[in-house]
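Report on the following structure.
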Amino acid sequence: MTCQDARELLSAALDDALDAGERERLDIHLTSCADCRREQERFERTIGLLRGAAAVRAPAGFVDRVLAAVRPQPWWRRLARWLFTPWTVKLPLQGVAVVLVAIMAVYLYRVPSRAGLTRVPTDRLESPPIARESVPAEVGEGPPVPRPEPGTTDRGEFPRTGVEAMARDPRSGQPGPPPTAAPEQQSAQLRREAEKREARVRTSSAPPSEPAPSPPAPALALPPPSRPSPPLPPPEAPAAAPPAARDHAAVSGPPIAVKGFLGGIAPARARAQITALVAGLGGEIAAESFDGAGIDVLLPRARYDELARELGRLGRWNASDLPGDVDPVLIQIRLVE
Amino acid sequence: MAAMRREVEPARMSASRPGDRAGSRAARPRRDGPRFVAAGTVAGNFFGAARSNRDGDDAGLVARLQASDPRAFEELVIAYQHRVFAVAARMLGNRAEAEEIAQEVFLRVHRAIRLFRGDAKLSTWMYSIASRLCLNRLARAERRLTREEDETLARVPDGVGGADEALAQRQLQAALFQAIAALPEDRRIVVVLRDLEGLPYDEIAQVLDLEPGTVRSRLHRARLELRERLEKFIP
């Protein structure tokens with residue numbers, strides 16, 4: 001055993017922590033190595049000094065303080081402690097809470113606009129063209145009217161739901177293609193104008209199924225403050241209607257001014273032709289029905305006649321009369337045999 | 001060769017008070033114990049008797065603690081207060097922090113006693129909590145070991161052997177305090193547990209969750225370092 005090895009064992013030897021083999025080898029080495037014996041002695045003295053260190057004792061009253069600390073405190077004490085939690089703990093927790101609330105608020109606010117993504121109920125498109133005079137009647141309905149769901153037996157009630165339904169689908173991410181026409185800016189502007197007019201006409205007849213968080217959002221979206229909707233708006237409500245409390249800012253649009261049927265042309269071809277036609281006239285496809293048999297077109301009033309002519313050339317075009325004061329006009333084209 | 005197996009005697013073998021001897025700790029009813037501490041008291045721990053008595057008591061104590069016997073916790077604190085506090089004081093270098101840590105140790109024991117499975121000794125468990133809390137506290141960044149002044153951590157008895165002796169003793173204690181405090185934490189803890197608390201190697205290995213070989217080598221290095229610092233006290 002070398003001196004180096006031996007010295008590694010000295011400390012343990014003094015603690016009686018060597019195994020028999022190590023012990024024996026060390027002993028043998030130490031008999032013949034005075035240097036290592038000296039090392040061992042020095043080690044011994046060091047340990048002796050250490051073990052002579054004054055014993056540290058707990059201070060007086062320590063036990064009482066510990067027992068007091070362990071005792072559960074009355075509820076009011078604990079409440080006070082919770083309220084005054086150290087800032088390092090409380091701030092992050094509160095920060096996280098605020099962030100979560102904000103995320104929830106944003107998510108819930110966005111849900112109504114997603115509601116506009118529901119497809120146009122097919123029953124709506126099957127109803128006959130409606131004269132404009134029915135619009136006030138539609139608009140005059142109050143909250144108790146439920147929003148029509150696709151597939152419900154709402155067919156006879158299209159007029160009533162006109163405003164809501166229409167407001168739902170235009171430019172709301174329908175399966176239909178977004179306007180791809182070249183004059184995109186024009187269509188966007190059309191849309192903005194339409195929205196402004198729509199906002200003026202629309203009443204505060206918010207449907208009851210509106211998700212609760214949306215009321216605060218409309219209050220922000222509409223410049224004039226919105227008033228809470230009366231359950232049954234008076235008949236003159238449409239005329240003097242305040243801006244809608246319910247806001248489908250993302251899905252607002254003009255009411256359907258003209259409804260027409262286009263027959264005698266294959267639907268696919270009709271759609272392609274109409275799309276091109278509308279784009280060329282500076283309008284846009286506002287919506288398409290789920291089954292592809294209905295197309296809503298938004299067009300400047302001035303171009304309507306031309307559209308009607310062209311549609312007549314494509315197939316059999318039968319439509320209601322163009323109302324007097326609407327611009328741009330929203331034309332509902334229903335493709336039939 | 002009998003010469004090799006020497007028992008290590010403490011440097012000063014002063015007369016200890018009667019009642020300080022091994023075995024009497026468990027029986028002592030007073031909470032704080034005698035204020036006068038002789039250097040030789042520490043020796044009592046090394047010769048095993050006190051600890052084996054403690055072990056026997058501890059088994060019963062654990063059972064009573066887990067049964068929520070109200071007096072059991074108080075007994076636990078009384079029995080372990082000095083050990084826990086001493087480890088903390090030696091590791092952290094000041095009494096104020098040591099009391100904080102020591103109290104935390106007992107709080108944790110109080111909370112977790114039901115999870116204690118008894119596969120280790122209660123004392124091992126207590127030491128391991130204490131060591132861990134101390135090492136965690138020391139590991140916090142930028143922490144500097146606060147050095148207390150010469151009064152060190154314990155009162156040095158001055159009635160023994162005259163003024164010169166007392167002075168020498170105080171100097172020695174101060175030197176010991178500084179030397180131990182200057183060790184890196186992982187070496188410091190093994191020295192504290194072995195040379196100040198008297199735990200055997202295997203228990204230290206359990207307390208610190210180390211291999212026995214690691215305990216041995218760390219202790220060796222620690223003592224080498226201390227030997228250097230305490231050179232002038234070693235003739």
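Here is how names work: the chains are called A, B, and so on, in the same order as the sequence lines, proteins then strands, and each is numbered from 1.
- Taking the ring pair (Phe, Tyr, Trp, His ring centres under 6.0 Å) definition, one finds that Phe73(B) meets it with His110(B), sequence neighbours left out.
- A salt bridge between Arg111(B) and Glu104(B) is present, with a side-chain N of the basic residue lying under 4.0 Å from a carboxylate O of the acidic one.
- Salt-bridge formation is detected for the pair Arg45(A)/Glu41(A): a Lys NZ or Arg NE/NH1/NH2 atom is positioned less than 4.0 Å from an Asp or Glu carboxylate oxygen.
- In terms of the side-chain contact (heavy atoms from CB on, under 4.5 Å) criterion, residue partners of Ala6(A) (sequence neighbours excluded) are, by chain and number, Met1(A), Leu26(A), His29(A), Cys36(A).
- When the candidates Ala102(B), Ala88(B), Ala98(B) are compared by the number of heavy-atom contacts under 4.5 Å with chain A, Ala102(B) comes out ahead.
- Judged by the 6.0 Å and 45° rule, Arg227(B) forms a cation-pi pair with Phe43(A).
- Proximity to chain A (any heavy atom under 4.5 Å) is shown, for Leu226(B), by both the backbone and the side chain.
- Both tests hold for Arg83(B) against Tyr80(B): distance to the six-membered ring centre under 6.0 Å, angle to the ring axis within 45°.
- Both the backbone and the side chain of Arg65(A) come within contact range of chain B, each with at least one heavy atom under 4.5 Å from a heavy atom of that chain.
- When only modelled atom types and interatomic distance are considered, Glu99(B) and Gln103(B) share no side-chain donor-acceptor pair under 3.5 Å.
- Only the side chain of Glu231(B) comes within contact range of chain A, judged by heavy atoms closer than 4.5 Å.
- When the heavy atoms of residues 217-225 of chain B are compared with those of chain A, the residues falling under 4.5 Å are Leu219(B), His220(B), Arg221(B), Arg223(B), Leu224(B), listed by number.
- When Val70(A), Leu9(A), Leu10(A) are compared by the number of non-hydrogen pairs under 4.5 Å with chain B, Val70(A) comes out ahead.
- Proximity to chain B involves both the backbone and the side chain of Leu18(A), based on heavy atoms less than 4.5 angstrom apart.
- Contacts between Val191(B) and chain A at a heavy-atom distance below 4.5 Å involve the side chain alone, from C-beta outward.
- Every residue two or more places apart in sequence or in another chain that forms a side-chain hydrogen bond (donor to acceptor under 3.5 Å, both in side chains) with Glu75(B) is listed here: Arg64(B).
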